[in-house]
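The block underneath contains the structure these notes are about, expressed in structure tokens.
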Amino acid sequence: MNKPRSLYIHIPFCEKICDYCDFTKLQYFRKFAIPYLETLKKELESYDIGELKTIYVGGGTPTALEDDLFEKLLEIIKPYTKGAIEYTFEANPESLSESKIKLLSRYGVNRISLGVQSTDNKVLKAINREHDYEDVKTAIKLLKQYGVDNINVDLILGLPHSSKSLLLKDLDNLTSLGIKHISCYALTIHPHTVLYNQGYKELEDDQMRELYDVVHNYLDKKGFVHYEVSNWAMPGYESHHNKTYWANEEYYGCGLGASGYIGDIRYKNTVNLEKYLLGEYIQEKETLTLKDKYTYEVMLKLRCEGLDLEYIKDTFNKDLSKEKKDEIKEMMEQGYLEYREEKLVATYEGKMILDQLILALL
Ligand code: SF4
């Protein structure tokens, strides 16, 4: 059996908790971070990890660790980095200091994903982010000085005070800083977050769609490719790691709350720090049947590269071109699906109504 070629590592610590956040995260305390890293090392060693193609360290905020612990983390990961073509760290602009960038570059990290969310200081303040736009500019300049130009920026659409004109300003700011990959996510208001308690509401679907159109039209003109529902990249700058997920390929997931997919099993790690530190890493396991695998295949591949109907026929014994002939024809006529290099691909319009396409094809 081939081993997974991708590894996700979760570092759950943050210096400050943002008002909208529903990720697995904890307030950073050194006394928790030290045993966490020791446990993470053991968890990594519990898998028989072979040569990897991609490594992604996310959070939380990996850069929240103090420099000595940050270096310890890089040392723990080092044995797995040989041969990796893409090694990404998530970072927040305010905690990506020059000393951390030096360490990242020394340990071969070649991609950074920056949690920017907005370049407007009023918006950033309203969601309790620690950084301002100056920090974003400084972090990007420093990264480039140290030779890292493969930088993703995350933006959130629909934040308090945001508007179409501020979104255009964000896009102007980021593209003029030479950013080659932008991820845009719709703000979701989760119960128990500060924004929820303040009564802040999500945008209506049609308002959100307008914002996505602003992003798409702007970035399309600048030469970016919309290669996944929420992701735009200049050619050659697509995220190899994230494409692993959307290609329905296997990956290891380590750390608090991380998910993984190995063989026939999809698993989710515990979000309970106490349990994790005791070595009770996995909380849920799903053993996949062929039908489950087919469902994941359609759900994930339509987000990005599209469906290879021959592969689906050989692997899942499903002839979609016959079984879903009418649905496919109708969705092609409506401009939601098209054939590209022998794959059935969702167009931009199709990606905007992806759940409907998936339901029609399952
Ligand atoms: S930095 Fe990220 S993970 Fe941490 S609280 Fe803010 S949004 Fe959540």
Side-chain angles (χ1 to χ4, degrees), residues 4-6 8 22-23 53-54 56 58 86 88 90 111 113 152-158 180-188 205 208-209 211-213 215-217 219-220 224-251 253 258-261 266 268 286 288 291-312 315-316 318 320-321 324 327-328 331-332 334-362:
R5 305 282 317 277
S6 291
Y8 173 78
D22 189 43
F23 298 122
K53 193 173 74 174
T54 68
Y56 191 105
E86 187 184 273
T88 306
E90 279 182 4
R111 185 172 184 271
S113 181
N152 167 59
V153 161
D154 281 345
L155 285 180
I156 300 182
L157 307 183
K180 309 240 176 38
H181 190 291
I182 297 182
S183 304
C184 291
Y185 301 105
L187 175 70
T188 310
D205 288 352
M208 188 53 76
R209 172 64 202 267
L211 295 184
Y212 267 96
D213 288 350
V215 175
H216 185 63
N217 294 335
L219 292 179
D220 187 50
F224 283 71
V225 178
H226 180 236
Y227 75 102
E228 194 271 343
V229 177
S230 308
N231 288 278
W232 286 261
M234 292 298 279
Y237 284 87
E238 295 93 348
S239 162
H240 291 285
H241 182 85
N242 289 341
K243 279 171 89 173
T244 304
Y245 305 144
W246 304 318
N248 198 16
E249 288 170 8
E250 295 169 40
Y251 56 96
S259 301
Y261 173 28
R266 282 190 179 265
K268 171 133 174 54
E286 180 192 9
L288 304 175
K291 189 164 173 258
D292 298 330
K293 287 186 180 178
Y294 168 69
T295 305
Y296 278 109
E297 179 81 9
V298 174
M299 276 171 40
L300 294 168
K301 285 203 172 160
L302 266 187
R303 298 185 71 90
C304 187
E305 68 185 53
L307 305 178
D308 180 336
L309 300 189
E310 280 303 310
Y311 172 81
I312 287 181
T315 313
F316 304 102
K318 283 211 159 266
L320 276 185
S321 56
K324 297 287 177 183
E327 288 87 343
I328 292 174
M331 288 186 284
M332 287 184 74
Q334 290 173 339
Y336 296 131
L337 285 175
E338 64 187 19
Y339 278 104
R340 232 181 269 160
E341 291 167 18
E342 315 212 345
K343 283 186 179 164
L344 191 61
V345 181
T347 60
Y348 171 71
E349 290 296 327
K351 287 192 173 86
M352 293 295 106
I353 57 150
L354 199 69
D355 290 348
Q356 291 174 47
L357 297 194
I358 292 168
L359 271 181
L361 292 178
L362 280 178

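Computed over heavy atoms, backbone and side chain alike; hydrogens, waters and symmetry mates excluded. Keep in mind that what you see is a predicted model, and the values were worked out from it rather than measured.
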Report yes if some heavy atom in the side chain of [X] is under 4.5 Å from a heavy atom in the side chain of [Y]; otherwise report no.
X      : Y      : answer
Ile312 : Tyr294 : yes
Tyr185 : Asn231 : yes
Arg303 : Tyr245 : no
Leu307 : Leu361 : yes
Met208 : Leu157 : yes
Glu228 : Asn242 : no
Asp292 : Arg266 : no

Holding to side chain to side chain donor-acceptor pair (under 3.5 Å), I want the full list of residues that pass it with [X], two or more places apart in sequence or in another chain.
X      : result
Glu86  : none
Tyr212 : none
Thr295 : none
Glu327 : none

inquiry  = Within the 3.5 Å criterion, strictly below it, is a donor on Thr54 or Ser6 matched to an acceptor on the partner's side chain?
reply    =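 Yes, a side-chain donor-acceptor pair sits under 3.5 Å.
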request  = Just say parallel, tilted or perpendicular for the rings of Tyr348 and His226, cut-offs at 30° and 60°.
outcome  =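 Perpendicular.
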query = Parallel, tilted or perpendicular for His181 and Tyr227, by the 30°/60° rule?
reply =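 Ring orientation of His181 relative to Tyr227: perpendicular.
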Which atom pair, heavy atoms only, marks the closest approach of [X] to [Y]?
X      : Y      : result
Cys304 : Lys351 : O-NZ, 4.0 Å
Tyr261 : Glu249 : CD2-O, 3.5 Å
Glu305 : Val345 : O-CG2, 3.7 Å
Gly158 : Leu211 : N-CD1, 3.9 Å
Ser183 : Asn152 : OG-OD1, 3.2 Å
Leu354 : Leu302 : CD1-O, 3.7 Å

Main-chain N/O of Leu362 paired with Lys324 side-chain donor or acceptor, under 3.5 Å =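 Checked: pair present.
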query = With sequence neighbours excluded, what pairs up with Gln356 under the side-chain contact (heavy atoms from CB on, under 4.5 Å) test?
reply =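 Gln356: side-chain contact (heavy atoms from CB on, under 4.5 Å) contacts with Ile353.
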message = Suppose we screen for salt bridge (charged side-chain N to carboxylate O under 4.0 Å, His left out). Which residues come up paired with Arg209, at least two apart in sequence or across chains?
response =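 Partners of Arg209 by the salt bridge (charged side-chain N to carboxylate O under 4.0 Å, His left out) criterion, ordered by chain and then number, come out as Asp213, Glu349.
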Enclosure of Asp220 CG (heavy-atom neighbours >12, cutoff 6.0 Å) =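 Counting neighbours around CG of Asp220, more than 12 heavy atoms of other residues, nucleotides or ligands fall under 6.0 Å, so yes.
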At what distance, to the nearest 0.5 angstrom, does [atom1] of [X] lie from [atom2] of [Y]?
X      : Y      : atom1 : atom2 : value
Ile182 : Phe224 : CD1   : CZ    : 4.5 Å
Asp205 : Met352 : CG    : CE    : 11.5 Å
Leu309 : Leu320 : CG    : CG    : 5.5 Å
Glu90  : Arg111 : CD    : CZ    : 9.5 Å
Tyr56  : Ser239 : OH    : OG    : 7.0 Å
Ile328 : Ser321 : CD1   : OG    : 6.5 Å

